[in-house]
Enquirer: 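Here it is, the structure in full.
In what follows, every chain begins at residue 1, and chains take the letters A, B, ... in the order their sequences are listed. What you see is a predicted model; the values in this text were computed from it and never measured.
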There are 2 protein chains.
Amino acid sequence: MTINQNTFTGEFSYSLDIKGRVNIPAKFRNVLSSDNEQSFVITRGMDPCVWVYPVMVWQSIESELRKLSSLSRINRSFVRSTVRYASSVQYDKQGRIAITPNLIEYAQLGKEALIIGMVNKIEIWNPKSLDSVDQESHKIDSSEFDELANQIIL
Amino acid sequence: MTINQNTFTGEFSYSLDIKGRVNIPAKFRNVLSSDNEQSFVITRGMDPCVWVYPVMVWQSIESELRKLSSLSRINRSFVRSTVRYASSVQYDKQGRIAITPNLIEYAQLGKEALIIGMVNKIEIWNPKSLDSVDQESHKIDSSEFDELANQIIL
DNA sequence: ATAGATTATGGGTAGTTGTGGGTAATTTTA
DNA sequence: TAAAATTACCCACAACTACCCATAATCTAT
């Protein structure tokens, strides 16, 4: 039995091939197989990485976006920035998804791709970027970081 | 299975040819194929871009407009401004639609056209205009923008 | 330990997609 | 009414993508 039906945890190192494909870890695929899902939505992360959502999770984001009236300029801008880089992908018979060129560039992905489970979504990183981002945020926000750690009983 | 039967997401760069035609991304066409639709309604966007609606979506807008009594001057004005620039187009065998000259001028479209999925409609932009509009609204509305981002758990 | 299954990675091929241009029909203009 | 311009429809080709198969590495179970 897995931790929870729809939960991604752990870290995996895979290779991004010439065609821009990466493997989705078998563990993650099994999490979703119950829903008979073979689709994900990939998009820009808030950090310089790729975010991969299961379709179900993305749909709930989308339904929120649908509620925003296009009469408001901020709404339009917000919807645009959220949806602009998102695209639906499905994995092939080997369990790989194709990362679009613009996302590869945004996340600075090279041959080695680090895949990290983030509970309700998956992140794909260039290992180097991850190191520098994590160090940076630790330096700057360490007190807020500790505060959060206190709230959640580990 | 795709994200959602009628959902447009993602960004695509296509060329607007001499005849004023742009490609509709294959992904978007597939979204509609289930409805056996080959028609769109194109009109002015609220921003300096072209809005492209699937017929079904436009029809629901129209039915809302029908409810507005012509006795009210604002209603008349609103209906007029909404419908005035709208026209129905269908795509050719290659999946392109022709943009009318006045819309090309309104959106300042050049050789390069940026097509953006906006959930229930499609936008066609001159890349330069998009940049400046996005920067502008970020500058002015950044706090409201953050507020929206907080409401929706990404 | 060994056989069988699963998983990760690479590459080939057929079909699709994006782009340009040609020609006939239609509309507009003089 | 005839010429000019515009539009609709068709074909061609290059680039790309989805789909398939092959192989190596890893894991599982007896």
Enquirer: My understanding is that only residues two or more places apart in sequence, or in another chain, count here; which of them pass side-chain contact (heavy atoms from CB on, under 4.5 Å) with B/Leu68?
Expert: B/Leu65, B/Asn75, B/Phe78, B/Val79
Enquirer: In whole angstrom, give the distance that lies between atom CG of A/Asn30 and atom P of D/dC27.
Expert: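 After rounding, the gap between these two atoms is 15 Å.
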Enquirer: Specify whether A/Phe145 and A/His138 have parallel, tilted or perpendicular ring planes, treating 30° as the upper limit for parallel and 60° as the lower limit for perpendicular.
Expert: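 Plane angle between 30° and 60°, so tilted.
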Enquirer: Between the two end axes of the helix from C/dA1-D/dT30 to C/dA30-D/dT1, each built from 5 base pairs, what angle do you get to the nearest 10°?
Expert: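 Between the axes fitted at each end of the helix from C/dA1-D/dT30 to C/dA30-D/dT1 lies an angle of 30°.
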Enquirer: In whole angstroms, how far is the C1' atom of D/dT17 from the CD1 atom of A/Ile99?
Expert: 15 Å
Enquirer: Report the C-alpha separation of A/Trp51 and A/Val41 in whole Å, then their side-chain angles, then the decisive distance to 0.1 Å, and conclude whether the side chain to side chain contact (heavy atoms under 4.5 Å, CB included) test is met.
Expert: CA-CA 8 Å; A/Trp51 277 357; A/Val41 173; over 6 Å; no
Enquirer: Starting at atom CD1 of B/Ile115, determine the distance to atom C1' of C/dT17, rounded to an integer number of angstrom.
Expert: 13 Å
Enquirer: Here's a test of your reading of the structure: between A/Asp17 and B/Tyr14, which maps to the more 5' nucleotide of DNA chain C?
Expert: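 The residue mapped nearer the 5' terminus is A/Asp17.
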Enquirer: For A/Tyr91, is the NZ or CZ atom of A/Arg96 found under 6.0 angstrom from the centre of its six-membered ring and inside 45 degrees of the ring axis?
Expert: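 Not flagged: A/Arg96 not positioned over aromatic ring of A/Tyr91.
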Enquirer: Might you confirm whether atom CD1 of B/Ile18 has over 12 heavy atoms from other residues, nucleotides or ligands at distances under 6.0 Å?
Expert: no
Enquirer: Answer with base, sugar-phosphate or nothing: what part of the nucleic acid does B/Lys111 contact at a heavy-atom distance below 4.0 Å?
Expert: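 Sugar-phosphate only.
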Enquirer: Going by an N to O cut-off under 4.0 Å, is there a salt bridge joining B/Asp134 and A/Arg76?
Expert: no
Enquirer: Would you please classify the geometry between the A/Trp58 ring and the A/Tyr53 ring as parallel, tilted or perpendicular, with 30° and 60° separating the classes?
Expert: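 Tilted: the ring planes of A/Tyr53 and A/Trp58 meet at 30° to 60°.
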Enquirer: Looking at the side chain of B/Ser15, which of C/dT17, C/dT19, C/dG10 is the nearest nucleotide?
Expert: C/dT19
Enquirer: Whole angstrom is fine here: how far is it from CD1 in A/Ile18 over to C1' in C/dG11?
Expert: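 Between C1' of C/dG11 and CD1 of A/Ile18: 8 Å.
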Enquirer: Let me know the distance between CZ of A/Phe28 and P of C/dT7, rounded to the nearest Å.
Expert: 14 Å
Enquirer: Which whole-number value in Å describes the distance from B/Phe12 CZ to C/dT19 C1'?
Expert: 17 Å
Enquirer: Please determine if A/Arg73 and B/Asp47 form a salt bridge, counting it only when a charged side-chain N lies under 4.0 Å from a carboxylate O.
Expert: no
Enquirer: Report the distance from atom CG of A/Asn23 to atom C1' of D/dA24, rounded to the nearest whole Å.
Expert: 14 Å
Enquirer: To the nearest Å, give me how far apart CD1 (B/Ile97) and P (C/dG18) are.
Expert: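 One finds 13 Å between P of C/dG18 and CD1 of B/Ile97, rounded.
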Enquirer: Listing time: all N or O pairs from protein to nucleotides 5-10 of chain D that are below 3.5 Å?
Expert:
unit_1, atom_1, unit_2, atom_2, d
D/dC10, N4, B/Gln94, NE2, 3.4

Enquirer: Begin with the C-alpha distance, continue with both residues' side-chain angles, and end with the deciding distance and a verdict on side-chain hydrogen bond (donor to acceptor under 3.5 Å, both in side chains) for A/Glu62 and B/Thr7.
Expert: CA-CA 9 Å; A/Glu62 222 179 68; B/Thr7 294; 3.0 Å; yes
